[in-house]
Q: 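What follows is a single structure, and I will ask about it in a moment.
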Amino acid sequence: MLTLFSLPARIALIVAMTAYGLFGVLRGEQTGALILVGAVILVVGYFRYGAISPAFFAVQSGDIDAARRHLASIRFPQLLNSQSQAYYHWTKAVVDSQDGGDLTTAEAEMRLAVNGKFRTSNDQCLATATLAEIVGLRNDRSQAVQILGDAERIAHRPATTQFLETVRAKLMNHASS
């Protein structure tokens, strides 16, 4: 999957494809034009999808530093497509909330994510539950429980129920401490 290439590797691939494509076009070969089209697709794909996939996968695997690096490589998040923007804000919220981070910023990012477009309703449910967890960390237990209730009403896979129960337990334990 091309999105897993580093930015320098993508740039090198685009430059190589452009050079070879131009060389082919100048020699009158039709394949040169196809290679140029491929290079354009890679450039457009970068601005539409960026490094969201590797950043999101890094968060899922617990590698916050890698996620932070991938997010930093996205210079123009507003150019991402709506689905990628939702995952961008979700990933940014998780990164911001780690290690005693800025929970106000994390909550704002997570609200942007929850209002975005996700690939699946399961992801929408997980994002909403993550928002509830962040709101709970900000000591607004009643709002966090309400948001978690909203998450539970979103269609989700059976495996997600365990995460929802974990968030609920955290909210209850946080309230009693």
Side-chain angles (χ1 to χ4, degrees), residues 1-7 10 42 44-174:
M1 187 166 160
L2 188 61
T3 59
L4 297 180
F5 287 157
S6 67
L7 181 59
R10 270 185 258 160
L42 290 177
V44 170
Y46 174 72
F47 285 107
R48 284 186 52 88
Y49 306 107
I52 294 302
S53 292
F56 191 69
F57 292 137
V59 163
Q60 287 179 323
S61 66
D63 191 351
I64 300 301
D65 289 333
R68 197 174 276 122
R69 283 191 308 275
H70 288 298
L71 287 174
S73 75
I74 301 170
R75 300 227 183 349
F76 305 104
Q78 67 276 14
L79 296 179
L80 297 170
N81 69 10
S82 60
Q83 199 173 68
S84 293
Q85 282 184 16
Y87 288 97
Y88 171 83
H89 291 298
W90 185 358
T91 305
K92 186 147 176 33
V94 172
V95 168
D96 288 347
S97 70
Q98 295 299 308
D99 305 323
D102 183 6
L103 293 177
T104 303
T105 304
E107 181 182 348
E109 290 289 340
M110 204 63 228
R111 287 188 185 279
L112 289 170
V114 166
N115 291 325
K117 179 181 177 188
F118 289 101
R119 285 182 206 104
T120 66
S121 63
N122 191 67
D123 284 352
Q124 180 74 46
C125 175
L126 288 167
T128 306
T130 303
L131 174 60
E133 191 172 15
I134 291 171
V135 170
L137 289 172
R138 292 204 54 221
N139 293 323
D140 191 348
R141 183 184 169 277
S142 63
Q143 184 182 18
V145 169
Q146 179 184 358
I147 293 169
L148 184 60
D150 294 342
E152 291 169 337
R153 286 187 288 280
I154 299 171
H156 57 275
R157 292 187 221 137
T160 301
T161 303
Q162 177 65 37
F163 178 68
L164 296 172
E165 291 171 0
T166 302
V167 172
R168 185 167 297 284
K170 284 180 185 178
L171 292 174
M172 296 307 155
N173 288 338
H174 187 65

Q: For the atom pair CZ (R157) and CG (D123), what is the distance rounded to the nearest 0.5 Å?
A: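 Between atom CZ of R157 and atom CG of D123 there are 7.0 Å.
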
Q: With the side chain counted from C-beta on, respond yes when Q162 and T166 share a heavy-atom pair under 4.5 Å apart, and no when they do not.
A: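 A side-chain contact exists here, since the closest heavy-atom pair is under 4.5 Å.
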
Q: Could you state the interatomic distance from OG1 (T160) to CD (E165), rounded to the nearest 0.5 Å?
A: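 If I round to the nearest 0.5 Å, the distance is 11.0 Å.
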
Q: With side-chain contact (heavy atoms from CB on, under 4.5 Å) as the test, would you mind laying out the steps for Q98 and V94 before giving the verdict?
A: CA-CA 6 Å; Q98 295 299 308; V94 172; 4.0 Å; yes

Q: I'd like to know if the side chain of S121 and the backbone of A155 have a donor-acceptor N/O pair within less than 3.5 Å.
A: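 Yes: the side chain of S121 pairs with the backbone of A155.
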
Q: Measure the CD-CG distance between E107 and L112 for me, rounded to the nearest 0.5 Å.
A: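 Between E107 CD and L112 CG, I get 11.0 Å after rounding to 0.5 Å.
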
Q: Determine, step by step, whether V167 and K170 satisfy the side-chain contact (heavy atoms from CB on, under 4.5 Å) criterion, reporting the C-alpha distance in whole Å, the side-chain angles of both residues, the deciding distance to 0.1 Å, and the verdict.
A: CA-CA 5 Å; V167 172; K170 284 180 185 178; 5.6 Å; no

Q: A side-chain contact here means heavy atoms from C-beta on lying under 4.5 Å apart; do M172 and V145 qualify?
A: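 They are in side-chain contact.
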
Q: Look up atom CZ in R141 and atom CG in L148, then write down how far apart they are to the nearest 0.5 Å.
A: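 Interatomic distance, R141 CZ to L148 CG, rounded to 0.5 Å: 10.5 Å.
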
Q: Under 3.5 Å, is there a donor on one side chain and an acceptor on the other for T105 and D96?
A: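 There is no such pair between these side chains.
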
Q: Would you please test R168 and E152 for side-chain contact (heavy atoms from CB on, under 4.5 Å) and show each step?
A: CA-CA 10 Å; R168 185 167 297 284; E152 291 169 337; 2.8 Å; yes

Q: Just how far is it from atom OG of S82 to atom CG of N115, taken to the nearest 0.5 Å?
A: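 It comes to 12.5 Å.
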
Q: I'd like to check V135 versus R111 (side-chain heavy atoms, cut-off strictly below 4.5 Å). Are they in contact?
A: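 When only atoms from C-beta onward are counted, R111 and V135 do touch, with a gap below 4.5 Å.
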
Q: Without swapping roles, check the side chain of S84 against the backbone of L80 for a donor-acceptor pair under 3.5 Å.
A: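 No: the side chain of S84 does not pair with the backbone of L80.
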
Q: Does any part of the side chain of K92, heavy atoms only, come nearer than 4.5 Å to the side chain of V95, both counted from C-beta?
A: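 Contact flag for V95/K92 side chains = no.
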
Q: Heavy-atom distance under 4.5 Å between the side chains of F163 and T130, does that happen here?
A: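 A side-chain contact under 4.5 Å exists here.
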
Q: H156 and L164: side-chain contact (heavy atoms from CB on, under 4.5 Å), yes or no, with the steps?
A: CA-CA 10 Å; H156 57 275; L164 296 172; 3.6 Å; yes

Q: Y87 ring centre to R119 NZ or CZ under 6.0 Å, with the angle to the axis within 45°?
A: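 Cation-pi check for R119 and Y87: passes.
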
Q: Does T128 form a side-chain hydrogen bond (donor to acceptor under 3.5 Å, both in side chains) with D150? I'd like the steps, not just the answer.
A: CA-CA 7 Å; T128 306; D150 294 342; over 6 Å; no

Q: To the nearest 0.5 Å, what is the distance between CD on E109 and OG1 on T104?
A: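 The CD atom of E109 sits 12.0 Å away from the OG1 atom of T104.
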
Q: Please tell me if the side chains of L126 and F118 come closer than 4.5 Å, counting only heavy atoms from C-beta onward.
A: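 SC-SC contact between L126 and F118 ruled out.
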
Q: Compare all side-chain heavy atoms of R138 with those of Q143 and state whether any distance is below 4.5 angstrom.
A: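 No, too far: nothing below the 4.5 Å cut-off.
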
Q: Decide yes or no for L71 and P77: does some side-chain heavy atom of the first lie under 4.5 Å from some side-chain heavy atom of the second?
A: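 They are not in contact (no side-chain heavy atoms under 4.5 Å apart), so the answer is no.
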
